[in-house]
There are 2 protein chains.
Amino acid sequence: MSSPSPEAAGSPAPRVRSTRQKAAVDAALERIEDFVSAQELHAHLKEAGERVSLATVYRTLQQRLEDGDVDTLRREDGEAVYRRCAVDAHHHHLVCRVCWTAVEVTADPVEDWAARVAAEHGFSSPRHTVEVTGVCADCAAAGRA
Amino acid sequence: MSSPSPEAAGSPAPRVRSTRQKAAVDAALERIEDFVSAQELHAHLKEAGERVSLATVYRTLQQRLEDGDVDTLRREDGEAVYRRCAVDAHHHHLVCRVCWTAVEVTADPVEDWAARVAAEHGFSSPRHTVEVTGVCADCAAAGRA
DNA sequence: ATAGATGCAAACGATTTGCAGGGTT
DNA sequence: AACCCTGCAAATCGTTTGCATCTAT
């Protein structure tokens with residue numbers, strides 16, 4: 001369902017071109033350490049004199065996302081925010097009980113909770129196991145639930 | 001900054017009315033255990049023959065949210081999903097790896113986290129397993145660690 | 001009778017996309 | 001020259017809101 005991997009035969013070389021606007025977006029992402037929305041990033045660029053259309057900002061962010069160069073998450077109001085990727089913490093898996101598809105998820109709240117309860121009860125060297133399963137959207141839609 | 005608390009003098013009684021549509025929304029929230037978006041909830045109602053406008057569903061959910069009757073979070077695509085604040089406090093155990101002493105602990109943060117990650121990724125019927133182990137204070141003191 | 005509630009449709013704000021022209025390779 | 005990329009505007013989509021009407025109280 002993703003990354004069909006490179007081409008089979010002698011295929012068309014790097015099909016992605018480097019342009020002024022992409023460089024501008026990358027530079028901005030580099031400069032801004034926090035999470036920013038596409039709109040905010042666009043405003044930053046405009047303010048800096050960089051002329052890049054909002055559509056291009058969205059398209060570039062989408063690309064960076066696919067390439068795993070940026071992280072994204074939703075703000076409470078639903079706006080998506082991005083940040084250049086800083087690979088971190090250990091994660092757990094959310095597994096579909098039907099097709100066994102697994103999604104990586106971070107479990108910071110759980111790590112914290114585990115450490116806390118252990119500490120609260122005087123336990124040392126805490127260790128934990130966490131497993132979350134469910135029925136993924138595809139399987140549910142296909143009635144495979 | 002909120003809930004100005006009841007009225008000072010002899011003021012206008014309960015200003016919120018109970019209506020057929022609010023009851024329908026509440027019933028649906030009661031019936032549906034997982035997180036649902038306003039649109040989905042609206043579809044459920046329509047399918048069940050309940051006639052409630054989408055706008056009213058949104059307004060009612062907003063109210064329930066302000067009253068703290070429902071939880072909300074954003075799905076990956078930015079759509080907001082809601083769930084009646086069910087405090088189904090089931091508990092887990094903290095086990096000593098040396099003497100197998102077990103302590104009951106509540107894991108609300110974990111329950112919430114599990115439900116949240118499942119919802120955020122479109123998984124339904126979430127289920128989870130959590131195990132925390134460590135070395136209890138006694139065993140550690142006795143050098144049995 | 002009165003003020004809150006509802007339905008409908010228009011308004012909104014974020015994000016996406018079709019299309020024609022422009023720039024990179 | 002070939003094809004990707006960009007800009008612009010129109011289209012989507014979830015959610016909010018104005019307004020006339022309805023109804024619980």
Side-chain angles (χ1 to χ4, degrees), chain A residues 7 10-29 35-46 49-67 69-83 137, chain B residues 4 6-7 10-29 35-46 49-67 69-83 119-120 122:
Chain A
E7 333 313 309
S11 55
R15 38 166 82 78
V16 49
R17 302 176 182 177
S18 49
T19 64
R20 171 180 60 74
Q21 17 288 81
K22 283 179 185 170
V25 171
D26 288 339
L29 281 173
F35 278 98
V36 280
S37 70
Q39 308 265 358
E40 293 167 346
L41 185 42
H42 179 246
H44 270 263
L45 292 173
K46 177 177 294 181
E50 296 283 4
R51 211 144 347 22
V52 182
S53 77
L54 183 56
T56 294
V57 170
Y58 274 108
R59 281 189 281 232
T60 303
L61 285 174
Q62 201 52 51
Q63 265 180 34
R64 296 291 175 265
L65 199 58
E66 284 163 14
D67 295 345
D69 294 327
V70 304
D71 276 336
T72 184
L73 56 85
R74 294 275 172 178
R75 237 167 357 206
E76 284 196 341
D77 65 348
E79 210 178 339
V81 285
Y82 311 78
R83 177 187 63 174
Chain B
E7 334 313 310
S11 53
R15 37 167 82 76
V16 49
R17 303 176 182 178
S18 49
T19 64
R20 173 179 59 74
Q21 17 289 79
K22 284 179 184 168
V25 171
D26 287 340
L29 281 173
F35 278 97
V36 279
S37 69
Q39 309 264 355
E40 294 167 345
L41 185 42
H42 178 246
H44 271 261
L45 291 173
K46 177 177 295 183
E50 295 284 3
R51 216 108 44 29
V52 182
S53 77
L54 183 55
T56 294
V57 170
Y58 273 108
R59 282 189 280 232
T60 301
L61 284 174
Q62 201 51 49
Q63 266 183 31
R64 296 289 175 265
L65 198 58
E66 286 164 13
D67 294 345
D69 295 327
V70 303
D71 278 335
T72 185
L73 56 85
R74 294 275 172 179
R75 218 137 51 177
E76 287 192 333
D77 65 349
E79 210 178 339
V81 285
Y82 311 77
R83 177 188 65 172
E120 288 178 347

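Only heavy atoms go into these numbers, but all of them, side chains included; no hydrogens, no water, no symmetry mates. So you know, we letter chains A, B, ... as the sequences are listed, proteins then strands, and number each from 1.
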field: Options D:dG7, C:dG7, D:dT15, nucleotide nearest the side-chain atoms of B:Arg74
entry: D:dT15
- prompt: Is a donor-acceptor contact shorter than 3.5 angstrom present between the side chain of B:Arg17 and the base of C:dA3?
  reply: yes
- prompt: Mapping A:Arg59 and A:Leu54 to their closest nucleotides on DNA chain C, which lands nearer the 5' end?
  reply: A:Leu54
- request: Check whether any side-chain N or O of A:Thr56 sits under 3.5 Å from a backbone N or O of A:Val52 as a donor-acceptor pair, and report yes or no.
  value: no
field: Salt-bridge contact A:Arg64-A:Asp26 (side-chain N to carboxylate O under 4.0 Å)
entry: yes
- request: Would you mind reading off the distance between A:Arg75 atom CZ and D:dG14 atom P, rounded to a whole angstrom?
  value: 21 Å
query: Which sits closer to the 5' end of DNA chain D, B:Arg20 or B:Tyr82, going by the nucleotide each is nearest to?
result: B:Tyr82
field: Proximity to the side chain of A:Thr19 - top-ranked nucleotide from C:dT24, D:dG7, C:dA5
entry: C:dT24
- request: Measure from CG on B:Leu61 to P on C:dT6 and round the result to the nearest Å.
  value: 12 Å
- prompt: In whole angstroms, how far is the C1' atom of D:dC5 from the CD atom of A:Gln21?
  reply: 8 Å
Interatomic distance, A:Lys22 NZ vs D:dG7 C1' [rounded to whole Å]: 15 Å
- prompt: Does A:Arg20 CZ have over 12 foreign heavy atoms under 6.0 Å away?
  reply: yes
- prompt: Salt bridge check: are A:Arg75 and A:Glu40 linked by an N-O gap of less than 4.0 Å?
  reply: yes
query: Between A:Ser18 and C:dT25, is there a side-chain N or O to OP1/OP2 distance below 4.0 Å?
result: yes
- request: Just compare C:dT17, C:dT16, C:dA5 and give me whichever is closest to any side-chain atom of B:Gln63.
  value: C:dA5
message: By nearest atom, which of the nucleotides C:dT16, C:dC8, D:dT16 is closest to the B:Gln62 side chain?
response: D:dT16
task: Please work out if B:Arg51 contacts a base, only the sugar-phosphate, or nothing of the nucleic acid, heavy-atom cut-off 4.0 Å.
output: sugar-phosphate
message: By the 4.0 Å heavy-atom rule, please label B:Ser37 as base, sugar-phosphate, or nothing.
response: nothing
field: Nearest-Å distance for atom pair CZ/P, residues B:Arg15 and C:dA3
entry: 12 Å
Selected nucleotide, minimal atom distance to B:Ala55 side chain, candidates D:dC5, D:dT17, C:dT17: D:dT17
message: If I take atom CD in residue A:Gln39 and atom C1' in nucleotide C:dT16, what distance separates them, rounded to the nearest angstrom?
response: 12 Å
field: N/O (side chain, A:Tyr58) to phosphate O (OP1/OP2, C:dT15) under 4.0 Å
entry: yes
message: Rounded to whole Å, how long is the line connecting atom CD of B:Glu79 with atom P of C:dT16?
response: 15 Å
Separation of atom NE2 in A:His42 from atom P in D:dT6, rounded to whole Å: 13 Å
- prompt: Are the side chains of A:Val81 and A:Thr72 in touch, meaning some heavy atoms are under 4.5 Å apart?
  reply: no
